[in-house]
Number of protein chains: 4
Amino acid sequence: MYDADDATNPVAAPQALTSASKEKLRQFVARIETLETEKTELAEQLKEVYGEAKSLGFDTKALRAVIRLRKQDANDRAEAEMMLDLYLEAVGEI
Amino acid sequence: MYDADDATNPVAAPQALTSASKEKLRQFVARIETLETEKTELAEQLKEVYGEAKSLGFDTKALRAVIRLRKQDANDRAEAEMMLDLYLEAVGEI
Amino acid sequence: MYDADDATNPVAAPQALTSASKEKLRQFVARIETLETEKTELAEQLKEVYGEAKSLGFDTKALRAVIRLRKQDANDRAEAEMMLDLYLEAVGEI
Amino acid sequence: MYDADDATNPVAAPQALTSASKEKLRQFVARIETLETEKTELAEQLKEVYGEAKSLGFDTKALRAVIRLRKQDANDRAEAEMMLDLYLEAVGEI
DNA sequence: CCGAAACGGTCATAAC
DNA sequence: GTTATGACCGTTTCGG
C-alpha cells in the first residue's frame with residue numbers, strides 16, 4: 001500500500017532533495033520549532049498567572065468562566081458579522 | 001467594565017470584593033487575555049509557516065512528522081539525562 | 001519500555017483474558033459497532049437533507065449558517081445558566 | 001453568483017421568500033436539528049459504553065484500537081470486493 | 001484540485 | 001484516583 005517515497009516516511013529517499021531544498025527544509029524546521037517553543041512558554045506563563053490568582057484567594061473556576069464568557073462574546077460578535085456579510089451578499093450588495 | 005453589582009461577574013459576593021481586589025481581578029483578566037492573544041497569534045504564524053512550506057512543494061504531513069520525531073527525541077534525551085543524574089547521585093557522584 | 005501485556009498492543013497475551021472476559025469484550029465491540037453504524041447512517045441522512053435543500057434552490061451555506069447560529073444561541077443560554085449557578089453558589093444561595 | 005431578484009433562490013432577499021419557501025425552510029431546519037440531536041445522543045451513548053468497559057477493567061485504548069482495526073479490515077474487504085467485481089466485469093464474467 | 005471549515009479522536013489538565 | 005473539561009491534531013468534507 002505504501003511505497004518507499006511515501007510521504008508518511010520523511011526519511012525515505014533523502015537523495016531526492018536538492019541541497020537547496022534541504023537547506024530550506026532546515027530553515028522551516030527551525031522556524032517551526034522556535035514558534036512552538038514560544039507557544040509552550042506562553043502556556044506555562046498562563047498556568048503561572050492562574051496559580052498566582054489562586055494564591056491570592058481568587059476562585060480560578062470563576063476566573064476561567066469570566067475568560068470563557070468574554071471570549072464567547074467575541075465569537076458571537078464575529079458570528080453576527082459573518083451573518084451580516086452573508087445577508088448582504090444574498091441581497092447583492094457585495 | 002464590570003461593576004460590583006454586575007450579574008455577569010461570577011466572582012463571589014461582589015459586595016465582598018474590595019476596590020483593590022476588583023482592580024487586581026481586572027489585571028488578571030487582562031494578563032490572561034494578552035497571553036491568550038499571543039498564543040493564538042503564534043498558532044496562526046505556525047499555520048502560515050506550514051502553508052508557505054506547502055506552497056514551495058514540501059509535504060506538510062512529512063514535515064509535521066519530522067517536528068514530532070525531533071520533539072520526541074528531545075524528550076527521550078531529557079529523560080535519559082534525568083536517569084543518568086539519578087544514577088550518578090545514587091552512587092555518590094553528585 | 002513496553003512488555004508483552006502492554007495495553008497499547010491489544011493483541012498481546014490473549015490468554016490473559018478469561019472466557020467470561022472475552023465474551024464481555026465481544027459484547028462491547030458489538031454494541032460499539034452498532035452505535036457507530038447508526039451514527040454513520042445519521043451523518044448520511046444529514047448529507048441527504050442538505051442535498052435535497054440544495055436541489056430545491058436553497059443556499060446551503062446560508063442554511064448551515066442558520067443551524068450554526070441557532071446552536072450557538074443554545075450554547076449561549078447554557079453558558080448564561082452556568083454563570084448564574086456559579087454566581088448563586090458564590091453568594092451562598094446553593 | 002446570486003441574482004437578488006432570482007425567484008428560484010429562496011435565500012436571497014428574504015422578502016422574496018414565499019410563505020411556502022419559508023415553511024419549507026423551517027422544515028429543513030427542523031429535520032437537520034433532529035438528526036443532529038440524535039447524532040449527539042449516539043455520541044453520548046458511545047462515551048457511556050466506553051466508560052462502562054473501563055469501569056469493568058477493560059483498557060479503552062486497546063478497545064478503541066480493536067474497533068479501528070476491524071473498521072479498517074472491513075474497508076479493505078470492501079475494496080477487495082470492488083476490485084474483484086471490476087476484474088470480473090473486465091473479463092466479461094458479469 | 002485546493003483551501004478552508006466542521007468533525008471526531010486523543011491527550012493533558014483541572015475539579016471533585 | 002477518577003471523572004469531566006478543554007486544547008490540539010489529524011481527517012474529512014464542502015464550497016470555490
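Owing to the predicted nature of the structure, the values given are computational and were not obtained by experimental measurement. Chain A is the first sequence line, chain B the second, and so forth, proteins listed ahead of strands; every chain is numbered from 1.
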Taking only N and O in the side chain of [X], is any of them less than 4.0 Å away from OP1 or OP2 of [N]?
X	N	value
A:Lys61	E:dC16	yes
C:Arg68	E:dA5	no
C:Thr60	F:dG15	yes
C:Lys47	F:dT12	no

When the distance from [atom1] of [X] to [atom2] of [N] is rounded to whole Å, what number comes out?
X	N	atom1	atom2	answer
D:Asp59	E:dC11	CG	P	11 Å
A:Leu46	F:dG6	CG	P	16 Å
C:Phe58	F:dC14	CZ	P	19 Å
C:Gln72	E:dA5	CD	C1'	15 Å
C:Ile32	E:dG8	CD1	P	16 Å
A:Asn75	E:dA5	CG	C1'	15 Å
A:Glu44	E:dT13	CD	P	10 Å
A:Met82	E:dA4	CE	C1'	11 Å

Any luck finding a side-chain donor-acceptor pair between C:Thr40 and C:Thr37 under 3.5 Å? no
Will you find, in the side chains of B:Asn75 and B:Glu79, an N or O donor that is under 3.5 Å from an N or O acceptor? no
Give a yes or no on whether the backbone of C:Ser21 and the side-chain of C:Thr18 come within a donor-acceptor separation of less than 3.5 Å. yes
Can you tell me which nucleotide in F:dG15, E:dG3, E:dG8 comes closest to the side chain of C:Lys39? E:dG8
From the list E:dA15, E:dG9, F:dG10, which nucleotide is the closest neighbour of the side chain of B:Arg64? F:dG10
Of A:Lys54 and C:Glu36, the one whose nearest nucleotide on DNA chain E sits closer to the 5' end is C:Glu36
Is the terminal nitrogen or CZ of A:Lys54 (NZ for Lys, CZ for Arg) located under 6.0 angstrom from the six-membered ring centre of A:Phe58 and within 45° of that ring's axis? no
With side chains defined as the heavy atoms from C-beta onward, is the minimum distance between C:Glu36 and C:Glu41 less than 4.5 Å? no
